[in-house]
There are 4 protein chains.
Amino acid sequence: VIRLAKHVRFEEVDAAGIVFFARYLNYCHEAMEHFFAGLDGGYVKLIRERHLGLPAVKAEVEYFSPLRYGDAFFIDTSIDHIGTTSCVLSYRIWREQADREIECAKIRHTCVVCSFPAVTKVAIPQDMRALMAAHPTR
Amino acid sequence: VIRLAKHVRFEEVDAAGIVFFARYLNYCHEAMEHFFAGLDGGYVKLIRERHLGLPAVKAEVEYFSPLRYGDAFFIDTSIDHIGTTSCVLSYRIWREQADREIECAKIRHTCVVCSFPAVTKVAIPQDMRALMAAHPTR
Amino acid sequence: VIRLAKHVRFEEVDAAGIVFFARYLNYCHEAMEHFFAGLDGGYVKLIRERHLGLPAVKAEVEYFSPLRYGDAFFIDTSIDHIGTTSCVLSYRIWREQADREIECAKIRHTCVVCSFPAVTKVAIPQDMRALMAAHPTR
Amino acid sequence: VIRLAKHVRFEEVDAAGIVFFARYLNYCHEAMEHFFAGLDGGYVKLIRERHLGLPAVKAEVEYFSPLRYGDAFFIDTSIDHIGTTSCVLSYRIWREQADREIECAKIRHTCVVCSFPAVTKVAIPQDMRALMAAHPTR
């Protein structure tokens, strides 16, 4: 599990005063970039120099408890599954309140490694595979 | 089915050149607001005057084909399920190319009707229920 | 003057409950794309096929009256100045209330026509120049 | 001067491949929140408990050099002017390349302290005034 600490930004809430439901996928992507920071050059080099990306084929979000402006929270990223060209990332979004852990959301994110700009599937490169294998969902 | 026509905006793509995966939920929310435009005062009055909202408890997105800047697309919204306090909206995102329909994404969006700011569950109001009942997923 | 009608979306407000100040530039860009829809293939073809863009060199926003979720508003786009490679677009954002026009914001947006991906200045193409010349700020 | 270090996120670029011009104001707001972190409870308490906010009355952005996905950059925030109810924040956005400082953008941001939700002007509270006075633009 690789953990990212964040807090809710001023413009991330909606007219109901809670974090907009789509934002959780922005948060996940940031956690994914943070996860792949362990690669040489990180996710940035993957995109800009290796011309590889991980377009989503599926995203399943369960929302448990709303987040509001200023709330501090954590995203724990781990790997549920590693296939030939695809992988499943798992994210747990939670915060602390009075020494208790509040579950906020849980996301399963299925990606396929693709070369860009053509968006064609390729086998998961060895360095990505090794990094993912080191962080399985418990 | 209620249809919304849109096109991809300049800032909706990511560094890989395709619509960012979280944006599809922004698109769905816009389609949901469009769906509920059939209520007196629409979704806006629901939020601003009736102090009701529909926070998501679940969102499942399947991505089939990427969208790029300028692509015209459609969102078809229909209702999969109506419960006591919760409902399931279904969205089909598709575009036309050479007289063929290209499936882009499919989303199931489970919401609970809540009163705000407390975010407490309430029974689905009668006007919302009637509107939803008129547009079942085929 | 070319006019675009819009309304404030659910996720465009901030934790203070009014449209986030950066969003006005998103609105302007949409108005600019709408303005250039008069070109063959519009702004989309400009970017995707002609590999030209209009990066901003300056943006000056004056905010007069806040916008809230659901507010309907208009953006009037006109051209303040046309240079060799640069131009100045002017946007007036306003809404109607009880038959009166409420000024919401005013933006001056200085752009330079550039070829991409190198981001090097080029002379304003003739079709863009003609379209802009037809819509001067009064 | 109070400095914030950031890097360009995956979804912050536009279809031309550079950071979308509106995003610079998102960056500034984050730098402003970071600046006011020096208050007891920070900007979050200001908004959520003291019901004060700083809506913009003016924002002037000059863009010097584009930012791309993954670029690391800095935002230096300082105070140009402190009035009775209004203040002017100044932001310098820059990055390092081969030991040189590249100027990316410069922003002047005029705000008025207001009480919410009514959005009525109030005198700048003493703690805000003191914090701002300690960080004048050189």
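Bear in mind that the values here come from a model prediction, so they are computed numbers and not experimental data.
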So with a 6.0 Å cut-off around NZ of A:Lys6, is the heavy-atom count from everything else above 12?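 Buried by this count: over 12 neighbours within 6.0 Å.
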Residue B:His51 versus chain A: region with a heavy atom under 4.5 Å: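 Contact with chain A: none, neither part.
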Interface moiety of B:Ile18 toward chain A, non-hydrogen atoms closer than 4.5 Å: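 The side chain, not the backbone.
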Taking all non-hydrogen atoms of both residues, which atom of A:Ile47 and which atom of B:Ala15 are closest, and how far apart?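 Minimum heavy-atom separation between A:Ile47 and B:Ala15: CG2-O, 3.9 Å.
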A:Arg48, A:Arg108, A:Glu60: which one forms the most heavy-atom pairs within less than 4.5 Å of chain B?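 Heavy-atom pair counts peak at A:Glu60.
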Hey, which of [options] has the most heavy atom pairs under 4.5 Å with chain A?
{"options": "B:Phe64, B:Phe20, B:Phe116, B:Phe21", "result": "B:Phe21"}
{"options": "B:Ala22, B:Cys28, B:Gly17", "result": "B:Ala22"}
{"options": "B:Ala105, B:Pro66, B:Ala56", "result": "B:Ala56"}

From B:Asn26 atom CG to A:Asn26 atom CG, the distance as rounded to the nearest 0.5 Å: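 Here the interatomic distance stands at 7.5 Å.
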Part of A:Pro117 lying under 4.5 Å from any heavy atom of chain B: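 For A:Pro117, the contact with chain B is made by the backbone alone.
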